There are 2 protein chains.
Amino acid sequence: MAKYSNKLDMTFSALADPTRRAIISRLCDGPASVGELSQPFDIALPTLLKHVRVLEKCGLVSSEKAGRVRTCRIETSVLQESDEWLRQHISLWENRLDRMEHHIKNMKKDQ
Amino acid sequence: MAKYSNKLDMTFSALADPTRRAIISRLCDGPASVGELSQPFDIALPTLLKHVRVLEKCGLVSSEKAGRVRTCRIETSVLQESDEWLRQHISLWENRLDRMEHHIKNMKKDQ
DNA sequence: TAGATACTTTACCACATGGCTAAGTATTCT
DNA sequence: AGAATACTTAGCCATGTGGTAAAGTATCTA
């Protein structure tokens, strides 16, 4: 089966889950412990931890353990990489539309 | 299990697959038939069709059948919606960093 | 009209994913 | 030391996903 061929796969897949997007939203407001992250959700701690691990694996989140508390923070560089893919494709398409428009104008001119 | 709660779920999940991203890249270059789309890939036609259906369900791609040929085209509005989520979160985080910097400057001033 | 073409549908399979409980480990508090 | 806290690991389960082959359905083309 198609495993994750690259970072973009992992990142978009990570972003596809609403719980994980909520974790990211929360972390945009500042670092938080695993326990703090779990509070808004009606899911067991191991499940939340799995989500955090997924976010860590693709680099969207980093964490560090001090004593018995693990503190998580967001890493926006990976968000930016995904953003870049999207923007690039949006502009590819828009450039094509521009070229088409240009082409149509030329056709009219030639009549 | 967590079904797709909203469009963003579906869209990011659709973008998580490399074949589907390749289809989108191809369609940025102009509309294509199902057969044309399948050519670069080493997958069976039904598999490719499934991918197209996934892209259609979340609105990234639209298609139309004329005779026996189905022509697919990209719809950038949905790409833009996902892009908006990413940009929003990047800026949320950046604003927070700005506030922190500001806060630190004030602390130094007060010394 | 017979054959080729271009999808479509159906039915199946293996593996990934998100969820859980229960038990384990390391720190910190009393 | 003993109890409480804050994760962590392990193991299990149901469903979803990407893949297949084979058979079906329209449309062209000769």
Side-chain angles (χ1 to χ4, degrees), chain A residues 1-27 30-58 60-73, chain B residues 1-27 30-58 60-73:
Chain A
M1 174 114 55
K3 299 294 297 279
Y4 292 126
S5 60
N6 64 38
K7 206 166 189 174
L8 224 41
D9 287 33
M10 277 197 294
T11 309
F12 280 131
S13 169
L15 292 172
D17 186 278
T19 304
R20 287 193 294 258
R21 283 201 311 280
I23 291 174
I24 288 175
S25 293
R26 166 64 190 79
L27 291 178
S33 70
V34 171
E36 280 165 354
L37 285 179
S38 79
Q39 274 178 36
F41 303 109
D42 192 23
I43 56 175
L45 210 61
T47 308
L48 184 112
L49 195 61
K50 260 192 197 177
H51 284 305
V52 171
R53 296 295 191 207
V54 169
L55 291 168
E56 278 192 285
K57 197 177 276 180
C58 66
L60 281 163
V61 161
S62 67
S63 76
E64 214 178 326
K65 194 156 184 178
R68 57 188 167 165
V69 176
R70 176 174 298 278
T71 304
C72 310
R73 64 187 66 247
Chain B
M1 172 111 61
K3 297 295 297 280
Y4 292 126
S5 60
N6 65 41
K7 204 165 189 173
L8 224 42
D9 288 32
M10 278 197 295
T11 309
F12 281 130
S13 170
L15 292 172
D17 186 277
T19 305
R20 285 192 296 257
R21 284 203 309 281
I23 291 173
I24 289 175
S25 293
R26 167 63 190 80
L27 290 179
S33 70
V34 171
E36 279 167 356
L37 285 179
S38 81
Q39 274 180 36
F41 304 108
D42 192 22
I43 57 176
L45 210 61
T47 309
L48 184 113
L49 195 60
K50 261 193 195 177
H51 284 305
V52 171
R53 296 298 192 205
V54 169
L55 291 168
E56 278 192 285
K57 199 179 274 181
C58 65
L60 280 164
V61 161
S62 66
S63 76
E64 212 178 330
K65 195 156 183 179
R68 55 189 169 167
V69 177
R70 175 175 298 279
T71 303
C72 309
R73 61 189 67 246

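This structure is a prediction, so every number in the text was calculated from the model and none was measured. Proteins get letters first, then strands, A, B, ... in listed order; numbering begins at 1 in each.
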Is A:H51 close enough to C:dG19 that one of its side-chain N or O atoms is under 4.0 Å from OP1 or OP2 there? yes
OG1 of A:T11 to CG of B:L15: how many Å apart, nearest 0.5 Å? 11.5 Å
Between B:P40 and B:L37, what is the shortest heavy-atom contact and its length? CD-O, 3.1 Å
Side-chain touch A:F12/B:R21, heavy atoms, less than 4.5 angstrom: yes
note: B:I23, atom CD1; D:dG18, atom P; distance rounded to Å ~ 11 Å
Qualifying residue, where the test is side-chain contact (heavy atoms from CB on, under 4.5 Å) with B:R53 and the options are B:K50, B:E56, B:K57: B:E56
Of all the choices, D:dG19, C:dG19, C:dT8, which nucleotide is nearest to the side chain of B:T19 once you look at every atom? D:dG19
Which of residues 34-45 of chain A have a heavy atom under 4.0 Å from DNA chain C? A:D42, A:I43, A:A44
Considering only heavy side-chain atoms of B:T47, the closest of D:dT8, C:dC7, D:dG19 is D:dG19
Any A:S33 side-chain nitrogen or oxygen under 4.0 Å from OP1 or OP2 of D:dC7: yes
To the closest 0.5 Å, what do you measure between OG (B:S38) and NE2 (B:H51)? 11.5 Å
Could you tell me how far apart B:R70 (CZ) and D:dC28 (P) are, to the nearest whole angstrom? 14 Å
Length of the line joining A:K65:NZ and D:dT5:P, which is rounded to integer Å: 16 Å
Is there side-chain contact between A:P18 and B:N6, with heavy atoms separated by less than 4.5 Å? no
For B:E64 and C:dA6, what is the distance between atoms CD and C1' respectively, to the nearest whole Å? 17 Å
What is the distance from CG of A:D9 to P of C:dA16, rounded to the nearest Å? 14 Å
For A:A32 against A:L27, the heavy-atom pair lying closest together: N-CD2, 3.8 Å
Side chain of A:L49 only, please: which of C:dG19, C:dC7, D:dT8 is the nearest? D:dT8
Taking for each residue the nucleotide of DNA chain C with the nearest heavy atom, is it A:L48 or B:T71 whose nucleotide lies nearer the 5' end? B:T71
Protein-nucleotide distance (B:R53, atom CZ; D:dG18, atom P), rounded to Å: 15 Å
B:K50 NZ to C:dT9 P, in whole Å, measures 13 Å
Set of salt bridge (Lys or Arg N to Asp or Glu O under 4.0 Å) partners for B:E36, sequence neighbours left out: none
Can you tell me how far apart CG (B:L60) and CG (B:L55) are? Round to the nearest 0.5 Å. 6.0 Å
How would nucleotides 22-30 of chain C be written as a contact map, 5' to 3', with B for base contact, S for sugar-phosphate-only contact and - for no contact, using protein heavy atoms under 4.0 Å? B----BS--
